[in-house]
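All ligand and atom numbering here is 1-based and tracks the order in the structure. Each residue takes its place number in the sequence, starting with 1. Just so we're clear, the structure is a prediction, and the values are computed from it rather than from any experiment.
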Amino acid sequence: MARLAQTAGLTDVQQEILATVRDFVDKEIIPVATQLEHKDEYPTQIVEGLKELGLFGLMIPEEYGGLGESLLTYALCVEEIARGWMSVSGIINTHFIVAYMLKQHGTQEQKDTFLPRMALGEVRGAFSMSEPALGSDVSAITSKGVKDGDEYVLNGQKMWLTNGGTSSLVAVLCRSDEGHPEGTAPHKSMTTFLVEKEPGFGEVRPGLTIPGKIDKMGYKGVDTTELVMDGLRIPANRVLGGTTGRGFYQMMDGVEVGRVNVAARGCGVAQRAFELGVSYAQQRHTFGKPIAQHQAIQFKLAEMATKVEAAHAMMVNAARKKDSGERNDLEAGMAKYLASEYCKEVVEDAFRIHGGYGFSKEYEIERLYREAPMLLIGEGTAEIQKMIIGRRLLEEYRFQG
Ligand SMILES: Cc1cc2nc3c(=O)[nH]c(=O)nc-3n(C[C@H](O)[C@H](O)[C@H](O)COP(=O)(O)OP(=O)(O)OC[C@H]3O[C@@H](n4cnc5c(N)ncnc54)[C@H](O)[C@@H]3O)c2cc1C
């Protein structure tokens, strides 16, 4: 095996795209990632490079100026990018989810308005479900959109928006009672609003405030923010798909492809941790030989590589299932769950292999150690994945007795 995490059956175009992205990661991201991360600095130059590579439009159909590539191609690119720096994959992830939701559910006018500029990276997307009081329990959302003539008036507070400051289009999930009588199931009275705004912080549009960056333990560089709506007026033609009450399903569809994406990030970070661990283990000597020659360390490397391979295989399987047009919530949930748990374990082992130096900010593994936990939370925690997996298993293996 030349390298871990190879993917069989890729087309020439896919191989070419991946080789280009890998080269970009090695030359433009890895050499600067740790320094930028320690300063919590937005990677402006890297983002310009991603634009030039066309990565913001990777899955946007060609008729809108994108590359029209599959979820698999996208996920494999994300894996490469996260291998360089997970935050950079976060910058394109919410953009990709919003573009996907527009492609799948938007009206023709919404697609024509946003997708061409999104493909160029001129309009950048963020998506917002979470609120201060909820993340897993989306049905408890309290932000509200109320119809007023040809507009909706939005009020409420949102939490944890990745790219909340740098984006110019936010897909915001709110409750909208209009047309949904009292007693309607919570998930049937939710609507996705397409909120356009200026990038930046403070009052970015009348009635809309992005207070500032949340200070995080890792996943730095990329901005994560709150969003406050106070009488924010949105025209009725900015309801995603033109009809209220479909927001929950639209968001869940977006999150499903997002889960493949988070799995891919876990694969990329784990690969990098393995590369760092296997390299260090051959350079550090104890008791007269490289530590890689101690069986305990070799066993660690064997376990790490096996986890990298297994996570990659599950992530590729989940992406291919979605690309084939089939429902993939079971596979995406499993891939996200396994890849994020394995990523945390592989990073922990690489950290241990580094001994005391792993604790020093001079070594890249210190950054990975602070980044891996985010994958256990984003796009649904491990418990939520297991709930999805469990429910689907009971559907598939219904007792017939
Ligand atoms: C860096 C970062 C970026 C993020 N970016 C975004 C974004 O762009 N957009 C967005 O909308 N959100 C975003 N999120 C929010 C993220 O999706 C939520 O944090 C996540 O869904 C968990 O929700 P919570 O934090 O409210 O935890 P809670 O839902 O309060 O859960 C707390 C704990 O309880 C467990 N738990 C909850 N319910 C159950 C249950 N029924 N059974 C068993 N255990 C349960 C959870 O697994 C967890 O361990 C981001 C979060 C972070 C940290």
Side-chain angles (χ1 to χ4, degrees), residues 37 40 42 78 82 85-101 124-143 156-175 186-187 190-195 197 210 212-229 240 247-248 250-259 261-263 265-266 269 332-333 336-337 340-341 343-344 367 370-391:
E37 201 267 354
D40 198 4
Y42 192 78
V78 165
W85 184 13
M86 195 182 88
S87 295
V88 178
S89 62
I91 289 170
I92 50 174
N93 181 39
T94 63
H95 176 86
F96 146 79
I97 292 179
V98 176
Y100 173 83
M101 284 167 61
R124 302 241 301 278
F127 92 108
S128 174
M129 290 195 296
S130 304
E131 294 183 359
L134 65 101
S136 308
D137 186 7
V138 177
S139 67
I141 277 178
T142 59
S143 292
Q157 188 174 350
K158 291 293 188 179
M159 186 74 194
W160 296 118
L161 279 84
T162 303
N163 301 309
T166 41
S167 56
S168 44
L169 176 66
V170 189
V172 182
L173 188 64
C174 290
R175 197 164 292 291
H187 58 281
M190 286 189 198
T191 298
T192 307
F193 291 94
L194 298 169
V195 177
K197 69 173 184 65
I210 305 287
K213 278 166 66 165
I214 298 170
D215 198 10
K216 297 165 292 187
M217 71 180 269
Y219 199 38
K220 288 174 184 273
V222 58
D223 49 297
T224 308
T225 72
E226 295 172 52
L227 176 150
V228 182
M229 300 175 289
L240 179 63
F248 184 82
Q250 293 162 344
M251 284 274 172
M252 289 305 131
D253 189 25
V255 165
E256 203 169 286
V257 289
R259 282 188 181 133
N261 178 287
V262 174
R265 285 200 237 176
V269 174
K336 196 273 169 181
Y337 167 54
S340 56
E341 295 290 332
C343 173
K344 180 198 66 167
R367 168 169 65 79
R370 289 182 290 101
E371 285 175 343
M374 190 269 161
L375 299 170
L376 301 169
I377 307 292
E379 315 288 357
T381 63
E383 288 73 24
I384 296 303
Q385 305 310 318
K386 285 192 249 185
M387 281 164 60
I388 295 167
I389 296 166
R391 263 191 229 125

query = Just checking, is any N or O donor in the side chain of Glu131 or Trp160 under 3.5 Å from an acceptor N or O on the other one?
reply = no
key: Nearest protein heavy atom with distance in Å, relative to atom 42 (N) of ligand 1   = Met387 SD, 4.0 Å
query = Closest non-hydrogen protein atom to atom 37 (C) of ligand 1, residue and atom name please, with distance?
reply = Ser136 OG, 3.8 Å
request  = Report yes or no: do Ser136 and Glu383 form a side-chain donor-acceptor pair below 3.5 Å?
outcome  = no
query = Are any of the N/O atoms in Leu161 less than 3.5 Å from those in ligand 1?
reply = no
ask   = Should Lys158 be listed as contacting ligand 1, given a heavy-atom distance under 4.0 Å as the test?
value = no
key: Sub-4.0 Å protein heavy atom next to atom 30 (O) of ligand 1   = no
note = closest protein heavy atom to atom 45 (C) of ligand 1 is Glu383 CB, 4.2 Å
query = At a non-hydrogen distance cut-off of under 4.0 Å, which region of Leu134 contacts ligand 1 (side chain, backbone, both, or neither)?
reply = backbone
query = Taking atom 20 (C) of ligand 1 as the point of reference, which of Ile377, Val170, Ile97, Ile384 owns the nearest heavy atom?
reply = Ile377
key: Backbone of Met217 reached by a side-chain donor or acceptor of Arg370 within 3.5 Å   = yes
task = For the pair Lys220 and Glu371, find out whether any cationic side-chain nitrogen is under 4.0 Å from an anionic carboxylate oxygen.
result = no
ask   = Any luck finding a side-chain donor-acceptor pair between Thr224 and Lys216 under 3.5 Å?
value = yes
Backbone or side-chain N or O of Phe127 under 3.5 Å from ligand 1 N or O = yes
inquiry  = Please list the nearest protein heavy atom to atom 2 (C) of ligand 1 with its residue and the distance rounded to 0.1 Å.
reply    = Met374 CE, 3.7 Å
ask   = For Thr381, is at least one N or O under 3.5 Å away from an N or O on ligand 1?
value = yes
ask   = Between Glu341 and Lys344, does at least one N-O distance fall below 4.0 Å, as a salt bridge requires?
value = yes
task = Measure the distance from atom 25 (O) of ligand 1 to every protein heavy atom, then report the residue, atom name and distance (to 0.1 Å) of the closest one.
result = Trp160 NE1, 4.6 Å
remark   = among protein heavy atoms, the one nearest atom 16 (C) of ligand 1 is Ser130 OG, 3.9 Å
ask   = Which heavy atom of the protein is the closest neighbour of atom 8 (O) of ligand 1, given with residue, atom name and distance?
value = Thr162 N, 3.0 Å
query = Does any donor atom in the side chain of Asp223 or Thr225 lie under 3.5 Å from an acceptor atom in the other side chain?
reply = no
ask   = So, for atom 33 (C) of ligand 1, does the protein have a heavy atom nearer than 4.0 Å?
value = no
query = Any idea which protein heavy atom is nearest atom 26 (O) of ligand 1, and the distance to it?
reply = Gly135 N, 3.0 Å
ask   = Counting distance only, does the side-chain N/O of Lys336 pair as donor-acceptor with the main-chain N or O of Leu375 below 3.5 Å?
value = yes
query = Just checking, is any N or O donor in the side chain of Gln157 or Glu226 under 3.5 Å from an acceptor N or O on the other one?
reply = yes
inquiry  = Is it the case that the side chain of Gln250 and the backbone of Leu240 share a donor-acceptor pair, with hydrogens and angles ignored and the cut-off at 3.5 Å?
reply    = yes
ask   = With a 3.5 Å cut-off and no angle check, do the side chains of Asn261 and Glu379 form a donor-acceptor pair?
value = no
Non-hydrogen protein atom less than 4.0 angstrom from atom 14 (N) of ligand 1 = yes
